Every structure is written in C-alpha cells, then in structure tokens.
Amino acid sequence: MEILDKAYNPKEVEDRWYSRWLSKRYFYAKIDKEKKPFTIVIPPPNITGSLHMGHALNNSLQDMLIRKKRMEGYVALWLPGTDHAGIATQNVVEKELAKEGLTRQQLGRENFLKRVWEWKEKYGDTITEQLKKLGCSCDWERTRFTMDEGYSLAVKKVFVDLYHEGLIYKGKRIINWCPRCLTALSDIEVEHEEVESHLWYIRYPFKDLDSYLVIATTRPETLLGDTAVAVNPKDSRYKDYIGRTLILPCAYREIPVIADDFVGMTFGTGALKVTPAHDPNDFEIGERHDLSRINIFTPDAKINENGGDYLGMDRYGAREAIIMDLEEGGLLEKVERHVHAIGHCYRCHTVIEPYLSEQWFVKMEPLAKPAIEVVEEGKIKFVPKRWEKVYFDWMENIKDWCISRQIWWGHQIPAWYCECGEIIVQLEEPSSCSKCKSHNLVQDSDVLDTWFSSALWPFATLGWPEETEDLVYFYPTSVLSTARDIIYLWVARMIMTGLKFANNIPFHTVVIHPTVLTIEGKRMSKSLGTGVDPLDLIEKYGTDATRFGLLVQAQSQDMRFSEEKLEMSRNFANKIWNASRFVLMNLKDYQPPEKFKYNLADLWILSRCNHVISQVNKAFERYDVSEVCRVLYDFFWSEFCDWYVEVSKPSLYGEVDSIRRQTIQHTLIYVLERTLSLLHPIMPFITEEIWQKLPGAKESIVVSPWPKTDTSLINNEIEKEMSLLMSVTVAIRSLRAEFKVPPEKKVSVVVFLHDSGKKRILSDNTLYITSLANVSEFKISLEKPEHSAMAIVEGVEVFLLLAGLIDFKKECLRLEGEIAEAKKELVKIGEKLANREFLKKAPGEIVRKEKEKKEVLLEKINKLENQLVQIKS
RNA sequence: GGGCGAUUGGCUCAGGGGGAGAGCACCUCCCUUACAAGGAGGGGGUCAGAGGUUCAAAUCCUCUAUCGCCCACCA
C-alpha cells in the first residue's frame with residue numbers, strides 16, 4: 001500500500017490525471033441504445049473570451065452534473081464548442097489592424113475575413129484549453145464552432161425556411177444603431193442606464209402668430225430632423241393651435257402642429273417635437289400623420305448634409321452649438337435637471353442612436369407561442385422556478401427581432417439582389433435571377449446576429465439538418481446551465497428554434513446559476529479591475545478546491561466571492577487527503593474479511609454514510625449543488641474524521657482480534673470509497689488520486705459506479721446510541737477544559753444513571769469514551785462521588801473526579817448558571833403547557849415532546865440543585 | 001413607472017411554522033505518531049421594522065425602510 005505525501009499537492013496530480021482520462025476516452029460519449037443518454041450542450045464561450053468566474057462556476061456546475069450521470073451509467077455527453085461572436089471578434093481584430101495602421105475597409109472584406117480566421121486559429125481555443133484546466137469532462141471529439149461548415153449550413157437553412165414561411169422579412173424601421181460598431185443591434189443588445197441629464201424647454205415660433213409653442217426635449221440636437229410638433233387632441237391648452245404652422249428654430253423649416261393621442265399632457269409642456277427618423281415613437285406618429293422622415297446623422301453619429309449649418313459636428317457638439325444658438329436667439333425658455341435612461345451598446349458601451357434603416361427582422365410572435373406553452377406545461381422547467389416568470393414576461397411581450405448586422409464576421413445573409421429588383425433567398429448562390437435571368441446578382445452584404453446562430457446550438461451541434469445518429473440519440477438534450485443575463489438573448493431563442501426546426505424542446509431543464517459578484521456586491525469586471533481570475537485561484541488553491549469553493553456557494557442568490565473563501569475548500573481538500581492517508585497507513589495488512597465483527601461506531605458510520613448518499617442524491621435531483629457540497633463537507637469532516645476515525649484509532653493501534661481489525665479496515669474503506677465517489681463530480685482530481693490507491697481499485701473513479709443507498713444499513717437506533725456516547729464524551733471534554741485539566745492528564749469519571757438501556761450502551765462502549773476524552777477510569781456507579789464536577793447529558797450525570805483540582809466557588813457559579821438557564825427554559829415550556837389552546841390544537845406528537853422536555857428539565861434542575869447542595873456542604 | 005430578489009452572530013451565507021446554524025474572524029488550551037491547511041473547549045444573534053394569520057412565526061400574509069438586479073417609448 002502506497003502512502004500519500006503529508007500534504008496534498010494539486011498541481012502534480014491534476015495534469016497527470018486529465019491527460020490520462022483523455023487518452024482513455026472516458027469523455028467520449030459512445031452511442032449505446034441499451035443505455036439512456038444524458039446531454040448537456042455547453043454555452044459556447046466567445047472565441048475572444050478567457051475564463052472568468054462566471055465560466056468557472058457554470059462549467060464546474062455542468063461538469064458536476066455530467067460526471068455524476070456518467071457514473072450512474074448514462075451515456076453522458078457534454079458537448080463543447082465556441083461561438084464566433086461577430087461584433088466582439090471583429091472589434092478585436094480591427095484593433096489589431098489598427099496597430100498596423102490599417103482599417104478593415106482598406107483590407108477589403110475577403111482579406112479581412114482571412115485575418116479573422118487566422119486570429120481564430122491562433123487564439124480561438126484559449127478558453128477551451130482553460131476549461132481543461134478546470135477539469136471539464138467535455139467530449140472534445142465533438143467540439144463545434146458556430147461557423148463550422150455544417151453549422152453554417154444549418155444557419156442558412158433556418159434563415160431560408162423562415163423567409164419562405166414569411167417569418168423573416170426586410171423592412172425600414174427605427175433600429176438601435178451603434179455609431180462605433182457601425183451596425184444595427186437588436187433591442188436586447190441595448191443596455192439601458194440611468195443618466196443625469198437635462199430637459200431643455202425650447203420655443204418654436206408660429207409662422208403667422210407673434211407667439212410660440214414651448215416643447216421639452218432631452219435631445220435638442222434632433223430638432224434638425226423635426227417634421228412636426230404634436231399635442232394631445234384633448235389638451236385644451238393647445239386646441240386652437242392644431243393645424244397651425246411653426247418655424248423650426250435653427251433649421252428654419254416650416255412644420256405643422258398636429259394632434260396625436262400618444263402625447264402625454266402632464267410631461268413637459270404637453271407639446272412634443274416629432275422626429276420620425278430618430279425616435280421610435282416619433283416614427284410611429286410620423287406614419288400616422290404621413291410626415292416625412294429627415295435623417296440628420298451619418299452612421300457615425302455626425303450631422304449630415306440635412307443639418308445645414310451644423311454639418312460635420314458630432315451629436316454632442318451639435319447639441320452644445322444648438323443650445324447656444326437657441327439661447328442667443330432667445331428661444332431657450334428654461335433648462336431642468338432630468339434623469340432618464342439611455343441605451344448603450346452591449347459590446348462597446350457607446351450610446352445607441354435610434355436610426356432609420358432597412359434591416360432584416362424575424363417575426364417573433366408565432367415562434368414565441370409554442371415556446372411559452374412548453375414552459376407552461378412543465379415540459380421545460382427553470383431552476384429556480386422564479387425565472388419562468390421572467391421568461392413569460394418577455395415572451396408575452398415579444399417584439400420582432402432585428403437580425404441583420406452591418407459587419408463582416410459572421411454568417412452572410414443568403415439573399416441575393418438582382419438588378420431587376422428581385423430578391424432571391426436560398427441556400428446556394430443563384431447563377432441567375434429567377435425572374436429576369438440576369439447574372440448580375442449581388443449578395444446582401446450584412447451578416448446575421450450572432451445570437452441567430454447560437455439559437456440553433458442544441459441541434460445544429462448534433463448535425464441538424466441531417467438526421468444524424470447523434471441528433472436522433474442525444475436530442476432533446478437534458479439540462480442547460482447558464483447565467484440569467486442570457487435568458488432572452490439565448491435560452492428563449494433556443495426554445496423557439498428547437499421547437500420549430502428540431503420538432504422538440506431543446507432541453508427539459510434550465511438551470512440558472514447565481515452571478516459571481518465581488519465581496520462588495522459589485523459585478524466582476526475586467527475593465528473595472530474587480531475581476532478575479534479563476535486560473536490564478538486554480539494555481540494557488542488547486543482545481544478541486546476552486547470548484548468546491550464555487551459550488552458550495554452556488555445557491556439561489558448571487559454570490560459575493562472573495563479569495564479567502566477558498567481557504568475553507570483548500571483545507572477541506574487537505575482534510576480529505578490526510579484522512580485518506582490515515583486510512584491507507586492502516587491498511588498495510590488488509591485482507592478483505594470473510595467474517596465481520598461490527599461495533600456500535602462501525603454500524604453508526606455505515607448508517608450515517610448511507611443517509612448521506614440518499615441526501616446527496618436528493619439534493620442532486622433539485623440541482624441544489626451547494627447542498628451536495630455541504631452535506632459531504634459536514635459528513636466527511638464532522639462525522640467521519642472527527643468521530644469515526646478517532647474511535648477507530650485505539651482498535652487499529654492496539655486490537656489483537658484480527659476480525660475486529662479487518663472489520664474496521666473494511667468500514668474505513670467502505671465509507672472512504674463512497675465518499676470519494678460522491679465527491680468526485682465536485683473534486684475530480686483528488687478523488688481519483690486517492691481512489692486509485694484503495695484496495696481493489698479498478699479502472700478509474702470517472703467510470704466507477706455511483707453509490708446507491710443501502711437502506712439495510714440505515715439504523716436510527718444505532719445513530720441515537722452513538723449520539724449518547726458522543727454527548728458524554730463532549731461533556732467530559734468540556735468539564736476538563738472548564739477546570740483546566742491538562743490535556744495529557746488522565747481523569748477518572750463516574751456516571752450515574754438509572755436507564756438500563758443507556759447503561760448497556762455506556763458499558764459496552766467504554767473504550768470510546770476513555771480514548772476520546774483521555775479517561776483512565778470510567779465507572780458506572782450507583783453512588784454519586786464527592787469532590788467532583790458534574791454535567792448532565794441526556795439524563796446521565798457525568799462526574800469528573802477532580803479532588804484538588806476543583807475550584808468549588810467556580811463550580812458553584814457554574815452550576816447556578818446552568819440552573820438559571822434551565823429554569824428560564826422551564827418557564828417557557830410551562831407557559832406553553834398551561835395554554836389550553838395549545839393542548840387542544842397542537843398535534844399530539846408536539847404536546848408529548850413538550851411534556852417530555854419539561855420532565856427532562858425538572859429532573860435536570862433537581863440534579864443540579866442536589867449537586868450544588870452537596871458541593872457547598 | 002412595473003417586476004423580482006435580499007435583509008439571520010463582526011464578515012460571507014445556510015435554514016423556511018413547534019429546540020437559532022456553518023465557514024471565516026474572536027477567546028482559552030494543545031506542534032498527541034492522518035492533518036497546525038490541524039485538534040479540544042468557548043463567547044457572540046429579541047432572524048430589518050410595524051401590523052396580521054396561527055395554539056405556535058426567523059419561517060406564511062400585508063405594509064414600510066434599505067440594498068441589489070431586471071424590464072419599460074413619457075419626449
């Protein structure tokens with residue numbers, strides 16, 4: 001039997017096992033129709049990404065689930081891969097080009113894309129390599145990328161099918177435009193943030209009257225694009241002005257006063273400037289009143305030729321200039337402070353410009369409907385359940401999805417325009433126009449929203465649209481685990497496309513894990529420097545400790561993470577290591593026993609162990625990974641190590657009876673082996689390393705069977721008996737400490753009790769108490785000894801014979817304190833039992849328990865008082 | 001403006017109708033041959049506040065306060 005080093009050294013162990021597992025192909029999910037599949041598709045990280053705490057948590061969680069199922073005998077597939085991340089990746093490569101003084105426009109589309117692919121080949125696997133460091137048991141042979149050939153075909157097919165079904169259309173609308181990324185964004189890619197700004201009150205003079213109308217706006221610069229001022233038709237203040245003409249300040253255009261229900265009468269002045277090309281509401285008002293739409297911005301948000309004198313200014317410069325001009329012209333009535341939310345690009349945080357342009361959209365309502373139903377019907381469950389409401393709220397108010405992006409990196413839209421005006425949408429490039437036969441066709445230059453392609457992830461990765469073996473066997477997948485901020489962006493859309501194109505739900509459970517925050521409760525962010533790098537943690541504490549530390553905190557609330565919290569986990573890993581070391585050190589002569597001779601403690605730990613197996617399995621069913629961690633931590637440390645290992649020592653060191661010895665050895669192995677298996681999904685490396693050294697170890701813990709509860713070993717009677725011994729032991733230790741008995745000094749103990757059952761337990765297991773509490777003589781007596789300190793546990797009076805060591809004054813005080821405390825409790829219980837309503841309405845079980853408590857307390861007080869009298873005499 | 005979540009010992013968090021818990025920190029003792037990344041013992045909380053339901057509330061309901069998150073076209 002090989003003995004372990006004194007302290008656990010994770011680094012040495014981790015690389016060795018991971019490459020071993022790979023070479024054995026344990027993570028490869030081989031289709032076996034006799035077995036059930038269990039599938040998780042990884043939320044594909046961006047190729048630009050590197051592992052952050054959120055990834056570390058989410059992937060530890062997925063690995064935990066997949067490893068457990070693998071051990072349970074499922075064909076467990078964890079399908080990995082990456083996302084091409086259109087805007088993000090394009091930005092990164094453009095930045096690189098900028099260092100060389102180049103722009104993508106200078107390079108041209110084709111060369112630029114070549115550069116991006118080169119970049120991808122070089123850096124795109126960074127994050128998947130990091131996942132290996134985390135111990136993730138992904139099936140790397142099935143790794144996918146959202147721009148793989150097959151995957152791209154799936155994307156095109158979905159687009160083409162939706163188009164021909166009328167669910168994708170092209171339209172001119174106000175969309176969210178990022179003036180820095182120079183592309184449209186969908187509504188959910190815009191992050192709203194409250195900012196302190198102003199409300200400017202501006203006078204718009206009437207053409208034919210010597211007066212003016214005052215409008216209030218947060219964006220004075222857009223007045224250059226105004227084509228009307230609108231008031232509410234019910235607003236008596238303005239009734240007479242409807243239909244009159246105003247002179248637009250700074251632009252000197254004539255615009256009408258119109259009436260529209262949209263306008264609120266209480267905000268501002270009740271008069272609204274209408275800029276159809278730069279505000280979604282104004283756009284709609286414009287449609288109703290047939291107003292012209294004047295675009296005043298260039299794509300990078302500078303004033304264009306429609307802005308007259310302000311041509312070339314950027315939007316903020318133009319604002320200042322216009323305010324100044326208004327002020328000079330006496331047209332600025334007043335300025336108020338005003339807080340409002342404005343949208344920012346989720347990629348570069350530039351302020352979004354509502355911008356009129358022609359884009360492709362997906363009609364969402366028909367897709368959303370069945371996706372709502374499957375969640376309502378419980379076919380897909382969210383964990384925690386409260387996220388279902390979040391999902392419903394969004395789905396029930398869903399808006400059409402703008403899917404075209406004016407960037408180059410991504411899936412180019414499979415639409416071709418003919419000079420005759422015909423639009424051809426199909427998978428392959430057409431050789432000629434289907435209408436006029438012209439060969440002069442140009443493909444739409446836009447690419448699709450990255451989320452359009454990731455929406456297909458659960459089935460496109462399995463080979464769809466081909467009816468592949470993988471697709472048939474592994475789809476629908478089982479669990480999806482992700483962060484809550486992509487419930488709309490990703491989860492909802494996967495459900496919609498899965499139902500539509502793979503004819504089934506994409507997964508039956510959506511686990512929404514908590515967000516990892518800093519210890520101050522702030523979001524972790526690289527740019528703010530508040531992030532923690534999980535690889536640093538792995539380096540410092542080991543992968544297993546890092547995983548345990550994250551998972552034990554993964555409860556239903558967000559977690560405030562700090563590095564110190566990993567110390568607990570590292571210590572736990574070390575504890576596992578050393579307890580195993582102890583076991584292995586005492587196994588040198590081990591032979592699997594043919595006969596057993598169990599003691600109370602053996603039966604106790606076997607019972608506890610099986611309780612724990614069942615608790616762990618239940619917690620897994622609820623996806624309560626934190627509970628799994630806690631149950632195992634508590635059991636291993638506070639029961640197995642603190643009690644069973646300690647109890648086993650005297651027998652292992654001194655016992656001559658070889659059957660007893662073998663029984664203890666067997667029990668140690670039984671418990672350790674099972675605990676390691678239960679811990680393996682959380683802490684894969686240390687458990688494998690130790691497991692391999694246990695007698696009878698087979699191939700690998702990775703593919704070893706998951707523990708099943710053996711109910712025949714669960715014995716509540718035994719657990720109660722053991723707890724009596726533990727209580728007596730603690731009582732003796734406590735008295736020793738109270739009276740400062742040196743640890744090495746052996747003491748004599750006398751216990752006094754009447755209960756014959758308890759007497760038997762104590763006399764049968766004296767060795768536990770004498771060894772655990774350093775007792776030389778342990779007597780069950782019918783006489784109370786003098787000159788001793790006393791404690792009462794479970795009705796047993798425990799006397800520590802301390803002639804000469806006892807400070808009687810102190811002991812009196814202590815006893816009086818205990819009496820007082822017991823009496824306080826007695827009063828409370830007394831009141832309860834005096835309450836007739838309680839006796840009448842509370843369940844009999846509760847009443848009985850309270851009465852029993854009262855008896856125990858009375859007895860205890862009586863005993864304590866007797867002792868007090870005796871000591872004083 | 002709407003919704004969701006949180007409020008439990010100094011800190012970070014469990015618990016979720018009938019005995020207030022853990023880890024860290026703190027105090028005392030111990031380098032005992034698995035482990036000082038450890039062991040033994042101990043102190044510390046009227047469970048944010050106010051009402052209500054109940055025989056019984058940290059736990060369920062209502063309201064309030066504070067913090068956080070999400071959604072939203074009031075310019």
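Proteins get letters first, then strands, A, B, ... in listed order; numbering begins at 1 in each. Please read these numbers as outputs of a predicted model, since none were measured by experiment.
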Atom NE2 in A/His340, atom CZ in A/Arg219: separation rounded to 0.5 Å?
->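 Nearest 0.5 Å value for the NE2-CZ distance: 9.0 Å.
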If you round to the nearest 0.5 Å, how far is CG of A/Asn574 from OH of A/Tyr8?
->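 These two atoms lie 10.5 Å from each other.
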Report yes if at least one side-chain N or O of A/Trp637 is closer than 4.0 Å to OP1 or OP2 of B/G39; otherwise report no.
->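 It does, given that an N or O in the side chain of A/Trp637 lies less than 4.0 Å from OP1 or OP2 of B/G39.
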Can you tell me how far [atom1] in [N] sits from the matching atom in [M], rounded to whole Å?
N	M	atom1	result
B/U33	B/C27	P	25 Å
B/U59	B/G17	C1'	6 Å
B/A48	B/A58	P	10 Å
B/C74	B/C69	C1'	23 Å
B/A22	B/G9	P	14 Å
B/G15	B/G21	C1'	7 Å
B/A25	B/G49	P	29 Å
B/C24	B/G19	C1'	26 Å

Candidates [options] - which lies nearest the side chain of [X]:
X	options	answer
A/Arg560	B/C35, B/U12, B/G23	B/U12
A/Arg733	B/G3, B/A34, B/A40	B/A40
A/Arg484	B/C69, B/A34, B/C55	B/C69
A/Tyr653	B/C55, B/A34, B/A72	B/A34

Option among A/Phe685, A/Tyr541, A/Phe572 that satisfies the ring pair (Phe, Tyr, Trp, His ring centres under 6.0 Å) test with A/Phe548 |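 Going through the options one by one, the only one that passes is A/Phe572.
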Send over the distance from [X] [atom1] to [N] [atom2], rounded to a whole Å.
X	N	atom1	atom2	value
A/Tyr8	B/A37	OH	C1'	14 Å
A/Arg814	B/U28	CZ	P	21 Å
A/Glu194	B/C71	CD	P	13 Å

In plain terms, say whether A/Lys693 and A/Glu689 are close enough for a salt bridge, that is, a side-chain N and a carboxylate O under 4.0 Å apart.
->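 Salt bridge: yes.
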Centroid-centroid distance, A/Trp177 to A/Tyr355, less than 6.0 Å =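 Yes - the distance between ring centres of A/Trp177 and A/Tyr355 falls below the 6.0 Å cut-off.
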What is the nucleic acid contact for A/Lys853, judged by heavy atoms within less than 4.0 Å: base, sugar-phosphate only, or nothing?
->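 Touches sugar-phosphate only.
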For A/Pro743 and for A/Met568, locate the closest nucleotide of RNA chain B by heavy-atom distance; then report the residue assigned to the nucleotide nearer the 5' terminus.
->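 Here A/Met568 is the residue nearer the 5' end.
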